[in-house]
Amino acid sequence: MSFTEVANARLDAIGFRSTAPRRAVLQAIESAGSPFTVEELLETLPGVGRATVFRTVKLLHELDLLCRVPLEDGGVRYQLSEGEHHHHLVCRACERFTEFTDLELDARIQEQARAHGFTLESH
């Protein structure tokens, strides 16, 4: 099943209609091929409203269908999510990034949070 099909099904399941502009955003994300900014996405969607693009990206991120990667300069890039908790390594020079999963690291972070009296919600 393609990203567009999965996203449409998830959106439909929570009561969001499949409109032509929303489908265009999903297809643009699927065909992006590399991490993208919302501004770059907007450039590929001249007939779609800015608010629609921002709302759709935000919603897809909340549904864990898109992964949000904050960059050193304050910018944000998005990419298709692997659907599981993971971390990112980000190059400060070229802003290239890669994902990795490390259960031991996650356990250590959780351990440190507890040791310092924190209830970890995210990191």
Side-chain angles (χ1 to χ4, degrees):
M1 203 184 260
S2 72
F3 168 78
T4 301
E5 293 168 331
V6 169
N8 266 324
R10 293 276 303 276
L11 291 168
D12 186 52
I14 60 170
F16 285 86
R17 293 179 317 141
S18 177
T19 63
R22 186 170 288 135
R23 285 191 305 274
V25 173
L26 297 177
Q27 290 166 351
I29 290 170
E30 185 169 10
S31 64
S34 63
F36 59 89
T37 65
V38 174
E39 293 300 326
E40 291 167 346
L41 194 59
L42 278 163
E43 290 173 12
T44 69
L45 296 162
V48 178
R50 187 174 183 80
T52 298
V53 174
F54 273 91
R55 278 194 307 265
T56 302
V57 167
K58 182 178 186 290
L59 185 56
L60 295 171
H61 174 252
E62 289 169 357
L63 293 171
D64 291 326
L65 294 171
L66 281 184
C67 188
R68 182 179 186 275
V69 181
L71 301 173
E72 188 73 17
D73 66 359
V76 173
R77 289 202 168 271
Y78 293 89
Q79 69 178 26
L80 300 182
S81 177
E82 300 283 319
E84 59 192 41
H85 179 75
H86 60 273
H87 302 270
H88 296 102
L89 297 173
V90 181
C91 175
R92 288 183 175 177
C94 70
E95 296 185 347
R96 182 178 64 86
F97 61 90
T98 188
E99 298 178 1
F100 71 95
T101 302
D102 186 328
L103 299 176
E104 287 181 33
L105 176 61
D106 292 336
R108 296 275 325 267
I109 291 169
Q110 191 67 254
E111 197 177 281
Q112 287 298 309
R114 277 193 303 274
H116 292 279
F118 286 85
T119 300
L120 191 61
E121 291 183 11
S122 70
H123 64 272

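Here Pro21 pairs with Thr19, Val48, Thr52 under the side-chain contact (heavy atoms from CB on, under 4.5 Å) rule; sequence neighbours left out. With sequence neighbours excluded, no residue forms a side-chain contact (heavy atoms from CB on, under 4.5 Å) with Asp12.
For Arg77 against Pro35, the heavy-atom pair with the smallest separation is NH1-O, 3.2 Å. Between Ser2 and Glu30, the shortest heavy-atom distance links the atoms CB-OE2, 3.1 Å. Across all non-hydrogen atoms, the minimal contact from Thr37 to Val76 is CG2-O, 3.6 Å. Annotation for His116 and Gln112: closest pair CD2-O, 2.9 Å, computed over non-hydrogen atoms.
Val69 and Val57 fall into different hydrophobic clusters, where Ile, Leu, Val, Met, Phe, Trp and Tyr residues are linked whenever their side-chain heavy atoms come under 4.5 Å apart, directly or through other members. The same ILVMFWY cluster, assembled from side-chain heavy atoms under 4.5 Å apart, contains both Leu80 and Leu45. By the rule that hydrophobic residues join a cluster once side-chain heavy atoms approach within less than 4.5 Å of another member, Leu65 and Ile14 end up as members of one cluster.
You'll find the side chain of Phe36 reaches within 4.5 Å of the side chain of Leu66, heavy atoms only. Using a 4.5 Å cut-off on side-chain heavy atoms (C-beta onward), Tyr78 and Leu41 make no contact.
If you take CD on Glu62 and NZ on Lys58, they are separated by 3.5 Å, rounding to the nearest 0.5 Å. Atom CG of residue Asn8 and atom CZ of residue Phe3 lie 9.0 Å apart, to the nearest 0.5 angstrom. Taking CZ of Arg55 as the start and CG of Leu60 as the end, the distance is 12.5 Å to the nearest 0.5 Å.
Under a 3.5 Å cut-off, the side chain of Arg10 and the backbone N or O of Leu63 do form a donor-acceptor pair. Side-chain atoms of Arg22 come within 3.5 Å of backbone N or O of Arg17 as a donor-acceptor pair.
Looking at Ser18 and Arg23, their side chains do bring a donor and an acceptor atom within 3.5 Å of each other.
Counting heavy-atom neighbours within 6.0 Å of Leu89 CG, excluding the residue itself, gives a total above 12. Within 6.0 Å of CZ on Phe118 lie no more than 12 heavy atoms contributed by other residues, nucleotides or ligands.
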Carefully, step by step, assess Arg108 and Glu104 under the rule salt bridge (Lys or Arg N to Asp or Glu O under 4.0 Å). CA-CA 6 Å; Arg108 296 275 325 267; Glu104 287 181 33; over 6 Å; no
